[in-house]
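Please read the structure below before turning to the comments.
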Amino acid sequence: MRIVVIGHGMVGSRFAADIVRADPSAQVTVLGQEDHQPYNRVMLSSLVAGKTDAGSLALETESSDRLRVLRGVRAVGIDRARREVTDARGELHTYDRLVLATGSAPRIPDVAGLRAADGLAGGISALKDLDDARRILETAGRAERALVLGAGVLGLEVATGLAARGLRVTLVHHRDRLMERQLDPDASEIARTSLERLGIDVVTGVTAARATLEKGGVASVELSDGSSHSAQLMVLCAGTVPHVALASEAGLECDRGIVVGHDLATTLDPAVFAIGDCAQPPEGASGLVAQGWEHARRLVESWTPRGADAPVAPAAATDSLRGRELVRVKAVGFALVAMGRIDRPEPEAHAPRSVRLSDPSGGRYTEVVVQEGRLIAATVIGDDEAAASLSAAFTRRTPVPRDPVHLLARPLASQAAAPVRRPQEMDDADVICQCNGVTKGTICGAIRSGCATPAAVSKATRAGTGCGTCRSQLEELIATDDGQVPAILDPSAAAEHQPA
């Protein structure tokens, strides 16, 4: 089977590697616009902050004579009648099945002065790829002031990262509160205060109106309220737009993304599929890499002998999918975790109960929502211990006290609500890497097979290749030799225990 994959990012590369392993008949060609091997885009803000280096972002790739990867080669056309893809060099690639993993592009707001003839003006950049991050770091090295436009998760991470590098940062957001999808007004105000303590000026309810350039680079930014802010670096964190141009030109149905069914096939061509950020599946898009990886896994399973004849099971509904989101801000000097969301309950359901702890002077805020003995939503600012405990209860769906006030009383919470445990104390079935669904048992099996570094464990199991927050747990398991880790899985069984 001839498979062409357009896109060699986190999702496209994952699918290509997995289908080659799973299907001996697969002959795969991948067209990747970037001239880089796959890397972890989720950690780009950590690169800007100086918390990691570019080399550590690289993802493992598959080596096979049935896999041809063309890096730095852009697809420019799809002929669905002939089942051919044309690349920018004029080469034709014939397919039996085509997978679009084109991802998304940064949303560039309509602001005077942002654009130059060949792209964005000097000193102005989005943060979507590795080249963006390098441009930002180069400019930051000679800048004194920066302006970050957009205060979603990425905007907060970039603003705190630049502040940690010594720049004076102004964070501008068009809504009246920060991270409005996750935070209510009270939580947003505490987040704002915490950022201001880090030396970040926060301006809400306005947006950029004009960028003024001097000597080819940005010098200041005028806001919609008439104020002007000096800045030699401007970073755009205004969201993303799915890459659908290629699909649209090929006559495929596109809306917010490339419209696909539960089987991830496009509605107008059963030989063309879309996965990741570019796709618009029936259950909706979360914008998280974990959903793209789930798309890749589902597609591989449905195309291989074990899953080819199985009925297609619908994925989670949009509301349920978003309701299980866990968003962790990877910020320097600022801790924030938001999980789930609060919805109006169905008439027959028990109404959720919520309670909050607000400590503005201490920069702490915790709100928990409990329904039928389960934690369905929580927001934690400035308290790593509470965030870890509540995240465990949320992701494992363990029982918690029906009265949510007990979750805020630390002694009671430690007895009844998924207490924080060291990795060695966890059960084999406990998930350590939430992004990839990797359990402790799989990780310990890899360690016993000879994986002695986090990088080696990540290569064997994919743990730690998403948001990176489980890396410390990998290190702790590697350092522990107390007889608690399970015996090594035999090689024939190992593949069955590794995540797709």
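Here the structure is a predicted model, which means the values were calculated and not measured.
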Heavy-atom closest pair, residues [X] and [Y]:
| X | Y | value |
| --- | --- | --- |
| Pro109 | Leu114 | O-CD1, 3.5 Å |
| Val221 | Ala208 | CG1-CB, 3.9 Å |
| Leu156 | Ala151 | CD1-O, 3.5 Å |
| Arg80 | Tyr95 | CA-OH, 3.7 Å |
| Ala274 | Val260 | CB-CG1, 3.7 Å |
| Ala49 | Val332 | CB-CG2, 3.8 Å |

Mind checking the [atom1]-[atom2] spacing from [X] to [Y]? Nearest 0.5 Å is all I need.
| X | Y | atom1 | atom2 | answer |
| --- | --- | --- | --- | --- |
| Ile19 | Glu301 | CD1 | CD | 10.5 Å |
| Phe15 | Leu264 | CZ | CG | 10.0 Å |
| Thr102 | Leu31 | OG1 | CG | 12.0 Å |
| Arg71 | His8 | CZ | NE2 | 8.0 Å |
| Cys444 | Asp428 | SG | CG | 6.5 Å |
| Arg177 | Leu183 | CZ | CG | 7.5 Å |

Step by step, work out the side chain to side chain contact (heavy atoms under 4.5 Å, CB included) result for Leu233 and Val235.
CA-CA 7 Å; Leu233 170 63; Val235 183; 4.0 Å; yes
Thinking salt bridges, do Arg41 and Glu34 make one under a 4.0 Å N-O criterion?
yes
Test of understanding: with side-chain hydrogen bond (donor to acceptor under 3.5 Å, both in side chains), list the residues that count as partners of Ser458, not counting sequence neighbours.
Arg471
Contacts of type side-chain hydrogen bond (donor to acceptor under 3.5 Å, both in side chains), residue Ser45, not counting sequence neighbours
Glu157
Walk me through it: do Met234 and Leu149 pass the test side chain to side chain contact (heavy atoms under 4.5 Å, CB included)?
CA-CA 7 Å; Met234 182 179 184; Leu149 187 63; 4.1 Å; yes
Verify, without hydrogens or angle tests, whether [X] (side chain) and [Y] (backbone) share a donor-acceptor contact under 3.5 angstrom.
| X | Y | result |
| --- | --- | --- |
| Arg298 | His262 | yes |
| Thr304 | Val300 | yes |
| Gln37 | Leu59 | yes |
| Arg74 | Gln33 | no |
| Arg97 | Phe273 | no |
| Ser224 | Val206 | no |
| Asp255 | Gly257 | no |
| Trp303 | Ala22 | no |
| Gln280 | Arg256 | yes |

Hey, are the side chains of [X] and [Y] touching, using non-hydrogen atoms and a 4.5 Å cut-off?
| X | Y | answer |
| --- | --- | --- |
| Cys254 | Val259 | no |
| Leu223 | Thr207 | no |
| His295 | Pro281 | yes |
| Thr439 | Ile443 | no |
| Gln473 | Lys440 | no |
| Leu100 | Ile275 | no |
| Asp23 | Met1 | yes |
| Thr398 | Leu375 | no |

Can you list every pair that meets salt bridge (Lys or Arg N to Asp or Glu O under 4.0 Å) and has a residue in residues 107-123, with sequence neighbours left out?
none
Exactly one of Thr461, Thr465, Leu474 should register a side chain to side chain contact (heavy atoms under 4.5 Å, CB included) with Val438. Which one does?
Thr461
What pairs of donor and acceptor atoms, side-chain ones from residues 82-91 against any protein atom, are under 3.5 angstrom apart with sequence neighbours left out?
{"unit_1": "Arg82", "atom_1": "NE", "unit_2": "Glu84", "atom_2": "OE1", "d": "3.3"}
{"unit_1": "Arg83", "atom_1": "NH1", "unit_2": "Asp96", "atom_2": "O", "d": "3.2"}
{"unit_1": "Asp87", "atom_1": "OD1", "unit_2": "Arg89", "atom_2": "N", "d": "2.8"}
{"unit_1": "Asp87", "atom_1": "OD1", "unit_2": "Gly90", "atom_2": "N", "d": "3.1"}
{"unit_1": "Asp87", "atom_1": "OD1", "unit_2": "Glu91", "atom_2": "N", "d": "3.1"}
{"unit_1": "Asp87", "atom_1": "OD2", "unit_2": "Arg89", "atom_2": "NE", "d": "3.4"}
{"unit_1": "Asp87", "atom_1": "OD2", "unit_2": "Arg89", "atom_2": "NH2", "d": "3.1"}
{"unit_1": "Asp87", "atom_1": "OD2", "unit_2": "His93", "atom_2": "NE2", "d": "2.9"}
{"unit_1": "Arg89", "atom_1": "NH2", "unit_2": "Glu91", "atom_2": "OE1", "d": "2.5"}
{"unit_1": "Glu91", "atom_1": "OE2", "unit_2": "Arg68", "atom_2": "NH1", "d": "3.0"}
{"unit_1": "Glu91", "atom_1": "OE2", "unit_2": "Arg68", "atom_2": "NH2", "d": "3.1"}

Indicate whether the side chain of His173 and that of Glu180 have a donor and an acceptor atom separated by less than 3.5 Å.
yes
Neighbour count above 12 (heavy atom, 6.0 Å) for Glu476 CD
yes
Using atom types as modelled, flag every donor-acceptor pair under 3.5 Å from a side chain in residues 119-136 to any protein atom, sequence neighbours excluded.
{"unit_1": "Lys128", "atom_1": "NZ", "unit_2": "Ser104", "atom_2": "OG", "d": "2.8"}
{"unit_1": "Asp129", "atom_1": "OD1", "unit_2": "Asp131", "atom_2": "N", "d": "3.2"}
{"unit_1": "Asp129", "atom_1": "OD1", "unit_2": "Asp132", "atom_2": "N", "d": "2.8"}
{"unit_1": "Asp131", "atom_1": "OD1", "unit_2": "His36", "atom_2": "NE2", "d": "3.1"}
{"unit_1": "Asp132", "atom_1": "OD1", "unit_2": "Arg135", "atom_2": "NH2", "d": "2.3"}
{"unit_1": "Asp132", "atom_1": "OD2", "unit_2": "Lys128", "atom_2": "N", "d": "2.9"}
{"unit_1": "Asp132", "atom_1": "OD2", "unit_2": "Asp129", "atom_2": "N", "d": "3.2"}

Would you list the atom pairs, donor with acceptor, under 3.5 Å between side chains in residues 240-253 and any protein atom, with sequence neighbours excluded?
{"unit_1": "Glu253", "atom_1": "OE1", "unit_2": "Thr267", "atom_2": "OG1", "d": "2.6"}

Could you please spell out the steps behind the side chain to side chain contact (heavy atoms under 4.5 Å, CB included) verdict for Val30 and Ser13?
CA-CA 8 Å; Val30 183; Ser13 63; over 6 Å; no
Test side chain to side chain contact (heavy atoms under 4.5 Å, CB included) applied to Cys237 and Val148, step by step:
CA-CA 7 Å; Cys237 300; Val148 177; 4.0 Å; yes
